[in-house]
Amino acid sequence: MIDRLEAARANSQHIGAVGDKVTLTITVERIIVLHSEFYGNNYITIARDEAGNAITYKGKSSIGGKGDTNTIKASIKEHTVYNGVKQTVIQRPKVLETV
């Protein structure tokens with residue numbers, strides 16, 4: 001497990017520039033569902049693109065279930081680093097195709 005995490009840290013890069021609209025093929029690794037009685041479900045989705053770069057999304061749209069590979073269109077919201085892993089945060093995703 002440690003080797004996999006270290007490899008992810010070393011290989012993950014930011015994608016594009018903030019504000020860019022991108023089309024990506026991603027594989028969903030993890031979904032955290034935050035349920036609110038008043039606002040419904042919100043999702044924190046952690047995924048990887050074909051190059052192994054970390055993609056995160058926080059919002060109301062579902063961009064796939066765990067293990068799903070989808071082609072999405074989204075805007076780059078920001079670039080972050082979490083536990084040494086470079087992540088690209090996206091917003092307004094739209095699933096174009098299920099692979």
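Keep in mind that this is a model prediction, so the values were computed, not measured. When a residue number appears, it is its place in the shown sequence, counting from 1.
From K86, atom NZ reaches atom CG of N53 across 9.5 Å, with rounding to the nearest 0.5 Å. With rounding to the nearest 0.5 angstrom, the CG atom of L24 is 9.0 Å from the OG1 atom of T71. Taken to the nearest 0.5 Å, the NE2 atom of H79 stands 11.0 Å off from the CD atom of Q87. Atom OH of residue Y57 and atom CD1 of residue I26 lie 11.0 Å apart, to the nearest 0.5 angstrom. Here the NE2 atom belonging to H35 is positioned 10.5 Å from the CG atom belonging to N42, to the nearest 0.5 angstrom. Considering CD1 of I55 and CZ of R48, their distance stands at 9.0 Å, rounded to 0.5 Å.
Contact annotation: the side chain of I72 approaches that of I90 to within less than 4.5 Å [non-hydrogen atoms, C-beta and beyond].
Residues P93 and A74 share a closest heavy-atom pair of CA-CB, 3.9 Å. Of all the heavy atoms in L96 and K73, the pair that sits closest is CD1-CB, 3.9 Å. Taking every heavy atom of both residues into account, D49 and I15 meet most closely at OD2-CD1, 3.3 Å. G67 and T27 get closest at one heavy-atom pair: O-CG2, 4.1 Å. For the residue pair I76 and A17, the shortest heavy atom distance occurs at CB-O, 3.5 Å.
V28 and V89 are not part of a single hydrophobic cluster, where members link through side-chain heavy atoms under 4.5 Å apart.
For T56, there are no side-chain hydrogen bond (donor to acceptor under 3.5 Å, both in side chains) partners, not counting sequence neighbours. Take T98 and apply the side-chain hydrogen bond (donor to acceptor under 3.5 Å, both in side chains) test, not counting sequence neighbours, and it matches N70.
Alongside V99, the hydrophobic cluster contains no other residue (criterion: ILVMFWY side chains under 4.5 Å).
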